[in-house]
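Here the structure is a predicted model, which is why all the values come from computation and not from measurement. Excluded from the calculations below are hydrogen atoms, water molecules and symmetry mates; all remaining heavy atoms, backbone and side chain alike, are included. Positions are given from 1, in the same order as the sequence printed here.
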Amino acid sequence: MNRLAIFDCDGTLVDSQANICVAMEECFGEAGLVAPDRAAIRRIVGLSLPQVMQVLAPGHDHDALAEGYKRCFQRMRAEGRVEEQLYDGIPAVLAALEAEGWLLGVATGKSDRGLRLVLEHHGLAHHFVTLQTADRHPSKPHPSMIAQCMADAGAEPATTVMIGDTSYDIAMAHNAGVRAIGVAWGYHEADELLNEGADAVAMHPSDLPTLCTLETV
């Protein structure tokens with residue numbers, strides 16, 4: 001049976017929190033609303049946009065705010081203001097997992113367009129056999145994205161791990177019946193990931209090949 005390692009994107013593969021915070025602040029400003037503080041914004045990275053707006057702006061038009069955020073982010077990208085830096089060691093980890101026979105996927109709250117641009121910019125697209133985004137699935141922690149990743153890769157829950165930096169990733173993994181590996185370099189603290197039920201937390205990307213293998217023995 002195929003082994004499948006599924007990665008979150010923001011906070012796991014790339015550090016995009018500054019972009020997200022600025023786009024959110026500009027979006028709220030254009031809507032005439034006071035923007036949430038950045039700690040609150042970082043807490044919701046990983047959810048789909050309508051769910052994000054439900055958390056950050058209860059009582060307001062979530063769909064309109066979500067569309068406003070998209071416009072702000074696209075404007076930032078067009079103006080060259082978007083920086084989504086890879087975390088140190090990520091390309092080597094992807095190559096190492098592939099060399100060990102793992103298939104790789106992504107399950108992210110980003111859009112199809114946003115994910116494609118990130119992967120193409122960093123030359124990573126060829127590593128992944130399945131890419132699942134908020135455009136075609138319910139928000140995390142619903143297990144739909146993981147289920148589709150497994151279907152695309154011909155993998156089973158027992159041979160699949162979900163790797164992510166937020167409690168939403170861990171909860172999604174458990175809802176899908178797969179192992180969950182947290183990462184300590186993202187937007188939720190390691191203790192929070194463990195409390196959510198992560199089977200392990202990687203302190204550095206280089207830890208992931210060993211943790212993935214241990215989790216699927």
Side-chain angles (χ1 to χ4, degrees), residues 1-14 44-48 51 87 90 92-112 115 118-119 124-217:
M1 179 57 63
N2 291 332
R3 296 187 297 169
L4 173 65
I6 306 169
F7 287 82
D8 170 53
C9 186
D10 296 318
T12 302
L13 296 176
V14 298
I44 52 73
V45 174
L47 296 176
S48 299
Q51 285 68 35
Y87 288 105
I90 290 297
V93 164
L94 300 179
L97 286 168
E98 282 187 309
E100 293 176 6
W102 287 84
L103 299 178
L104 306 180
V106 175
T108 177
K110 293 178 92 66
S111 66
D112 285 332
L115 177 60
V118 167
L119 296 181
L124 299 179
H126 66 282
H127 287 292
F128 299 102
V129 301
T130 178
L131 302 173
Q132 304 305 321
T133 76
D135 284 348
R136 288 167 284 115
H137 295 278
S139 179
K140 298 174 183 180
H142 193 284
S144 175
M145 285 192 277
I146 290 180
Q148 188 59 55
C149 282
M150 290 191 292
D152 290 348
E156 296 291 338
T159 58
T160 298
V161 294
M162 176 67 207
I163 300 164
D165 69 299
T166 70
S167 58
Y168 314 124
D169 297 308
I170 306 306
M172 178 174 66
H174 288 314
N175 289 341
V178 307
R179 296 284 186 166
I181 298 176
V183 303
W185 53 85
Y187 307 147
H188 289 187
E189 297 295 328
D191 285 348
E192 184 175 358
L193 302 179
L194 291 169
N195 289 338
E196 187 65 38
D199 296 288
V201 173
M203 303 310 293
H204 186 273
S206 61
D207 298 334
L208 287 171
T210 297
L211 290 177
C212 286
T213 299
L214 290 174
E215 293 303 309
T216 55
V217 169

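At a threshold of 4.5 Å between non-hydrogen side-chain atoms, the residues C9 and L119 do not count as touching. Looking at heavy atoms from C-beta onward, H142 lies out of side-chain contact with H137 at the 4.5 angstrom threshold. Contact check for R3 versus T213: side-chain heavy atoms found under the 4.5 Å cut-off. Side-chain atoms of I170 and E192, non-hydrogen and from C-beta on, never get closer than 4.5 Å to each other. In this structure, the side chains of V45 and Y168 stay at 4.5 Å or more apart for every pair of heavy atoms.
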Just list the side-chain donor-acceptor pairs under 3.5 Å for residues 180-191, sequence neighbours left out, or say none.
residue: W185; atom: NE1; partner: T12; partner atom: O; Å: 3.1
residue: Y187; atom: OH; partner: D15; partner atom: OD1; Å: 3.2
residue: Y187; atom: OH; partner: S16; partner atom: N; Å: 2.9
residue: Y187; atom: OH; partner: Q17; partner atom: N; Å: 3.0
residue: H188; atom: ND1; partner: S167; partner atom: N; Å: 3.0
residue: H188; atom: ND1; partner: S167; partner atom: OG; Å: 3.4
residue: H188; atom: NE2; partner: R43; partner atom: O; Å: 3.1

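To the nearest 0.5 angstrom, F7 atom CZ is 5.0 Å from L97 atom CG. Summarising the geometry, atom SG belonging to C212 is positioned 12.0 Å from atom CZ belonging to R179; distances are rounded to the nearest 0.5 Å. Atom CG in D169 sits 4.0 Å away from atom CG in D8 (nearest 0.5 Å). We find the CD1-CG distance between I6 and L104 to be 10.0 Å, quoted to the nearest 0.5 Å. Rounding to the nearest 0.5 Å gives a distance of 8.0 Å between CG of L4 and CH2 of W102. In this structure, L115 CG and T108 OG1 are separated by 6.0 Å, a value rounded to the nearest 0.5 Å.
Contacts classified as salt bridge (Lys or Arg N to Asp or Glu O under 4.0 Å) and involving residues 99-109 (residues at least two apart or in different chains) are not found.
For H174 against G197, the heavy-atom pair with the smallest separation is NE2-O, 2.7 Å. I163 approaches A5 most closely through the heavy-atom pair CD1-CB, 4.2 Å. A pairwise comparison of heavy atoms in V93 and P205 identifies CG2-O, 2.9 Å as the closest pair. Pairing each heavy atom of M172 with each of A107, the nearest pair is CE-CB, 4.1 Å. A pairwise comparison of heavy atoms in A155 and M1 identifies CA-SD, 3.9 Å as the closest pair. Contact between G177 and P157 at its shortest, heavy atoms only, is O-CB, 3.2 Å.
With sequence neighbours excluded, no residue satisfies salt bridge (charged side-chain N to carboxylate O under 4.0 Å, His left out) with D165. Residues that satisfy the side-chain contact (heavy atoms from CB on, under 4.5 Å) test with T130, not counting sequence neighbours, are Q132, C149, D152. Residues passing the side-chain contact (heavy atoms from CB on, under 4.5 Å) test with A147, sequence neighbours excluded: none. Every residue two or more places apart in sequence or in another chain that forms a side-chain contact (heavy atoms from CB on, under 4.5 Å) with A176 is listed here: P143, I146, V178.
When atom types are taken as modelled, the side chain of S139 and the backbone of L47 share no donor-acceptor pair closer than 3.5 angstrom.
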